[in-house]
Every structure is written in C-alpha cells, then in structure tokens.
Protein chains: 2
Amino acid sequence: MSTPGFSEQTSALLSQASLACSRRGTQLTELRRKVLGLVLDSDRPAGAYDLLDRLRAHHKGAAPPTVYRALDFLLEQGLIHKVERLSAFVGCIHRHADDHDHPHAAQFLICTRCGRVTEIEDGGVNRALVQAARQGGFRLARATVEAEGVCAACAAMPAGASAGA
Amino acid sequence: MSTPGFSEQTSALLSQASLACSRRGTQLTELRRKVLGLVLDSDRPAGAYDLLDRLRAHHKGAAPPTVYRALDFLLEQGLIHKVERLSAFVGCIHRHADDHDHPHAAQFLICTRCGRVTEIEDGGVNRALVQAARQGGFRLARATVEAEGVCAACAAMPAGASAGA
DNA sequence: CCGCCACTGCTACGTTATAACCTGAACGAG
DNA sequence: CTCGTTCAGGTTATAACGTAGCAGTGGCGG
C-alpha cells in the first residue's frame, strides 16, 4: 500500500512512474506522487485548481505554485498531458519507454457530452503530421491533436443524456 | 479604402469576409470588422488583451467582453481560429466556402523561435484523424492540431537568432 | 405604438497561471 | 567542517485570460 487513498490501478501506475523517474535521475517526490495520483484517479480531465482543492485535504498550505510546479514536472517526465482546450490534465497512457527522444503527438478525443477524454495513439495521424511538417521545412518538436465530438458510449444514449456519472 | 489603417491585403480580406457574412445572414459590423482587421494585420497570433489595447486606440470604452464577443462571432463564422496553446487568435486562411457543414481540422505549425504560426491544410492528417475517430466509434465534430517546432526561416538562422522582427 | 431581436456598453467577478523571493535539505569540493 | 551549489518546496502577490449579468439603443415586423 504505497500511498493510501488511491485505487489499486493508480497505485500500480505510481510505482511504475517512480521507477521510470529514478531511471532518469529525477525523483517522484511525495508531493509529485500525490498530484500524479490525483490526476490518475480521476476519470475526467482535472483542472489545476481542482487538484489544488483535493490536494489540500492531505497537504495543508498548498498554493497554486505548489500544484503548477508538480504538474510541470510531470509534464516534463511525460507522465501526464495537458488538454489545452480544457486547461486540464490527464494521465498519459504510454508505457514510459525510455525512448524519450523522438516525440509522439498526443492525441485526444474529447467527448462534449460526458467530458471524458480518451488518449489515442494513431500511427497514421502521426505519420501524416510528420510528413506535413517536413513538407514545409518545419522542424517538428512536439504536437497535440485535440478532437471534439461524442464518444461511443454517449452516442448510444438518448439525446440529452450522457454516459457515466 | 474601406476601413483606414489596415494594409491593402487586410482590407481585401475584410471585404471578402463582409460578403461571406451577408451571404449567411450575419453582419460583420464595424466593431467586428475592426477586430478582424487587427487579427489579420498581425503577423503573429494576437492575444485578446493585445487586441483590446489596440482596439482602444480607435474605440474608446472597449472592455474585455467587447473583444471576446467579437472574437466569438468571428470564430463561429470561421474567419479566425484560436490557437489554444497560446491563448491567441489568428486569421483563417481558407476561402470562406459556404460548405460550412463538414468541418475541417485546423492545423497549426507554431514556431517556438519567432512565434509565428502557419496554418496548413493537410488532407492526409485530416483523413487519418477521421479514420482514427471512427475506429473508436467516436463521432467527430471538430479538431485542432497544434504542432510546435522551428520554422524553416528560423532553422536557417544561427542558433539563438530568430527570423523576422 | 409595441414588442422583439441583435448588438453594444459597462461593471464586476471568476478562473487560470506565473513572478519573485525565501527556507531548508542534500551533497560534493576545498 | 563549512562553503557553495542545486533541487524541492513555501508564501505572497499579481498577471493574464475569460465570463456573468444587466442596461441601453436601434431596426424591423406586427
């Protein structure tokens, strides 16, 4: 039971993340671990101030920079992504392969009904993007794809309803 | 010389935009025209408050909602795009075809050296995206692709320099 | 004349993000 | 050991981005 209060799955991911960090010579401190846990435990994208509120339950004195610094670290480590359209954060689904070198495009499907975000990893999109950039002489560093629409679960519901809580 | 103070090219685009709006039964009012002109005349993405400052020069009493309402209108009309990563706005390059129906993905190449943003229109990326969404049963409504990197002009410069002003 | 609608003015506020400065712990070099 | 350095985090304040809500005005159809 590493950090109590998180689901089994989240705890497992936290352990992986911790390992990945130490392999890279960075540390997943207790604070960063808590923030990462909060992000992973949420089934929706989490806003920085939501995280801050939740963090305060177990970490009195937390302020905006507390959360933002942790989030910056987690972003650098590739453990989370930011969904720009929502100003919110989600866990990264990728195995934390150490091939940190050649960047993949983060791709999100954002459901406007239920608010859930699914990260996908589509090679076709990636390849198309790399080629399009090259065509314009653009040196691609990283990219994000954010698609809005209705997820399969919500599309199956009567209009007006939304899947999940 | 419709609205003075804008470049030839911008004025031409404004005329087109005006026509496109009236064809759709909406109006490009003087205020909206000015805001659109400011966006088009800028060679970098323009933040809402930048626009507000510039707008105030010729339009006293402008407040945040003044600009945001105009921007919302222009976004709805497809005359501008928002670059989420920058919280800033750029003119849309597309001919304002009236096939407003099936949405294209806005695709941006953002240069981290000079700050310029190039909109591209890559069919491959679009197709890959549509297919990826369909594969997950996701009903795609709209999407944006934001790629960061170094543009051709900046890549040709000595490191540390940036192309353009 | 009246009510409706689209547009704008204006005040205030909510939300998101960062600057700047300080403390303390860990650690290697001299 | 003790100094400098680096990294993590605390604390205060403020910048930057965005919206709610209400009031006024002017056109236009009934």
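Excluded from the calculations below are hydrogen atoms, water molecules and symmetry mates; all remaining heavy atoms, backbone and side chain alike, are included. Residue numbering restarts at 1 for every chain, and letters A, B, ... go by the order of the sequence lines.
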Kindly point out which of C:dC7, D:dG10, C:dG9 is positioned nearest to the side chain of B:Arg32? C:dC7
Is the closest side-chain heavy-atom distance between B:Gln107 and B:Asn126 below 4.5 Å? yes
Can you check whether A:Ala70's main-chain N or O pairs, donor with acceptor, with A:Arg32's side chain at less than 3.5 Å? no
Can you check each nucleotide of nucleotides 12-25 of chain C against protein heavy atoms at under 4.0 Å and return B for base, S for sugar-phosphate only, - for none, in 5' to 3' order? ----BBBBB-----
Pair A:Thr144-A:Glu84, side-chain hydrogen bond (donor to acceptor under 3.5 Å, both in side chains): steps then yes or no: CA-CA 9 Å; A:Thr144 69; A:Glu84 301 283 349; over 6 Å; no
Is the shortest side-chain N/O distance from B:Thr29 to OP1 or OP2 of C:dT8 below 4.0 Å? yes
Could you say whether A:Phe73 or A:Ala63 is positioned toward the 5' end of DNA chain D, judged by the nucleotide with the nearest heavy atom to each? A:Phe73
Between the side chain of B:Arg113 and the main-chain N/O of B:Ser162, is any donor-acceptor distance below 3.5 Å? no
In whole angstroms, the gap separating P of D:dT11 from NZ of A:Lys60 amounts to 8 Å
Does A:Glu146 use its side chain to pair, donor to acceptor, with the backbone of A:Val83 at less than 3.5 Å? no
Which whole-number value in Å describes the distance from A:Arg85 CZ to D:dG18 P? 12 Å
Distance, rounded to the nearest Å, where A:Leu52 contributes CG and D:dG10 contributes P: 11 Å
Can you check the A:Arg33 CZ to D:dG9 P distance for me, whole Å? 13 Å
Short side-chain donor-acceptor distance under 3.5 Å, B:Thr10 and B:Ser7: yes
Exam field: side chain B:Glu119 to backbone B:Ile93, donor-acceptor pair closer than 3.5 Å: yes
Can a side chain N or O of B:Gln27 be found less than 4.0 Å away from OP1 or OP2 on C:dC7? yes
Atom-pair distance (CG on B:Leu31; P on C:dA6), nearest Å: 17 Å
Using the side-chain heavy atoms of B:His59, tell me which of these nucleotides is nearest: C:dT11, C:dG9, D:dG10. C:dG9
Please report, rounded to the nearest Å, how far the C1' atom of D:dG9 is from the CZ atom of A:Arg56. 15 Å
